[in-house]
Amino acid sequence: MYLSSRVSRIRQKEAHNARANRAEIIKALSIDQITRRDLFRWGIFTTSGLLVCKNGLSPFAPSAFAQVPTGTPRSPLFNAKKFSQALPRLNQQNSVPVTRLLRGAETDAVFGGAFAGERNARRLSYHTDFSTPPPGTTKADFTNPITNRGPIEGRPPGEVFAHQRWDEFFPKVGYVMTLSEIAPNQSFHPNFPAQAPNSVWSYATGHSAFDIPSGILTPPLIKGRYGEPIITRIYNNTPVNRADNNGFGRNETQLHFHNAHNGAESDGAANVHHFPGTFFDYRWSTTLARRDKINTQATERRASGPDGNGGLVNVAGDFRELQGTMWIHDHRFFFTAQNIYKGNIMMINYYSGPDRGNEALADGVNLRLPSGNRLDFGNLDFDVNLIVSDAAFDQQGQLFFDVFTTDGFLGDLPLVNFAYAPFMEVLPRKYRLRILNACMSRFVQLALANPAGSAVPFQFIANDGNLVVNPITLTTLDHQGTGERYDIVVDFSRFSIGSRLKLVNRLRMRDDGRGPKETLSLAEALRGDPDDPVVGPVMEFRVVGQVPSVDVPGVTNFANAPDQSQVPAVLTEQIPVITPVRTRLVQFGRSGEGDSRQANGQCIPDCPEDATFPWTIKVNGQSAHSMNANRISLLIPKAGEIEHWTFVNGGGGWDHPIHLHFEEGVTLNRGSNPIPTTERLVRKDVWRLRPDGRVTFQVQFGEYGGSYVNHCHNAVHEDFAMLMRIQLLTGVAGSPQVAVTNTPNPSPDGVIFTTPEILPEGDPRQPVRPSSRVG
Ligand SMILES: [Cu+2]
């Protein structure tokens, strides 16, 4: 006993040193006291660039004697107890109306309401005007006002990066938001220190003045609806000096709307990051997939959005493709993990005829899922977004990220909606919970425990924002990788007022960071894991007699009001599985050093000087590659062809949650392994591969074209660089996306284009190459 406690103390000290040393180096790097070359010289990196595993610097426990899987000591808790602060609901944003203004042959979008006076949004980027000022203007009219270098808008110039189908999906509402240093006096718990301005970069509503920290810690929530296209202007007001980042985070951003049906110019992952002082206009079209193929005359009532007055606006497209729970996050290649972790994240719910966010309105289309009925649509009183994530602090209580690890980052502070282990008061009735895993690397597996510690059954209604055909009753969720969303309905009416229930993470991660290790029994999980505080209860629900309304502030909801919500036995219909036009095989693994760098040693876009690329992707059994924005790994020759793709895990005991942008896939099988009911024939956009696993799904592309990506959503793997570019060609004559998109290369002075390489094994237009079978 004596020996083990002594070893334990030594390990804690080692782990403390580990974090202190790493934090010291990160800080020194960020203020240019040392260079990454110094690190090589000092032997902190090996010749292959990998961090030397020695006490004090290793990212994982076995070599650093750490107390948590990160290889760092526990974050200080400042005596904060779990379940001692209320859950913050997400920071709801209000849209403003947008009107049309004719300007020659162009129609511009004019922001109204609170954002009146904003420069109008245009089909073509203002970069076009910066490059070639129209008559009567000069370059200065379109120049970044903060740096006086480069264009005011980050979107690249010209027709290829114009908003596709602009007039057809012309914005009706707008948002203006600013990515900024965090405003003063905000913390993850009242006991924790306030985060310093450069510890967190998050969103503020509107166009904030430069150099005034205005970011809000609680992530925003946007409510969108089908038939109401959105223009969202994002200002980048992070510090001009990229070293002003408290050790992590890159002051450049492209904002990805995961996984909406938008043109590539607004997908936020076409290598189009923009710089401090600039904005980027994203047009979130609310296009319903297959609108060019199915229900093109918009006669199907289920393909619709709420009109705000109890009625519906029909839209073209396939109602089986309706989406609900989505999120939005940074996608700056090579820095995505740092930037998301630092606070560059939002959620967005899409509302539709069937999924209305109104539980009372009975019109034969509305499913009446738990939500509330004070608003026409988008009620949130009983429909709750929960962003589950993990974080770590340095010894001063500032947000800490390990920029050296290429395997994965695990924090030891459980957060929900960026609050440490909160509680939520609920009425004894049905609630919908929209659960997002927004950890950088951690997989979670959530269950709900009643006051006696037994599992509470619930209904699973949507996977990755897609309704399942029939609700599935479960007592625990499946593994949930980064980026996956699970919507469930919990009926709290079975519990008396005063009852307390726990949301419990049952999944223990492997110490080496490779993936999940084991699922604990609920009883074990409830006791917590002494080695990993994010295993165990992460949130508490308290059943109470009354709660304030979220939808109508100042009004109270009472327990004795009737629960009018339903969970119908049929939520949607199955998309048929048919013989595909072609199949593709994509293998995710570790092969060599990767080829993200060009012959000149530079990454496209630029990457950390010391970065190595252990993570690679093989297409159809050919060579392994790591991400380079100037390389196309998969090409879709035209819209509407049905394909079957198989994702294979290269092995090694790792698990990877793989995300396909822009289109959902219908999950067909997991090879010879069993497939859970929450996945079989269910639409998804993130698939965990499971160790040595594989998954096959059906997918088709349509409506938009351009440059998208497919990648691991362990954001650390993604950054080092398990990501590949996909080129969608529309095949529509006259569309700029009939041709391959030249690669935009953003710089503070503007975008230049390069011609991408196309891997022949990913291009069906090329003669067939013999593909080696992957066993
Ligand atoms: Cu991965």
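Here the structure is a predicted model, which is why all the values come from computation and not from measurement. Atoms within each ligand, like the ligands themselves, are counted from 1 in listed order.
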Handout entry: Residue of the set Asp685, Asn437, Asn259 for which side-chain hydrogen bond (donor to acceptor under 3.5 Å, both in side chains) holds with Arg485
Key = Asp685
Practice task
Run through the protein N/O/S atoms less than 2.8 Å from the Cu ion (ligand 1) and write them out by chain and number.
Solution key: His656 ND1, Cys712 SG, His717 ND1
Fill in the blank from the handout: Exactly one candidate in Trp615, Phe443, Phe588 meets ring pair (Phe, Tyr, Trp, His ring centres under 6.0 Å) with Trp654; the answer is Trp615
Practice task
Kindly write out the residues that satisfy side chain to side chain contact (heavy atoms under 4.5 Å, CB included) with Gln700, not counting sequence neighbours, or none if the list is empty.
Solution key: Arg290, Lys293, Ile642
Practice task
Compute whether any side-chain donor of one residue and acceptor of the other, for His717 and His711, lie under 3.5 angstrom apart.
Solution key: no
Practice task
Mind checking side chain to side chain contact (heavy atoms under 4.5 Å, CB included) for Ala260 and listing every partner two or more places apart, or none if nothing turns up?
Solution key: Phe257, Asn262, Met326, Tyr350
Handout entry: By side chain to side chain contact (heavy atoms under 4.5 Å, CB included) - contacts of Ala525 (at least two apart)
Key = Val504, Arg506, Leu520
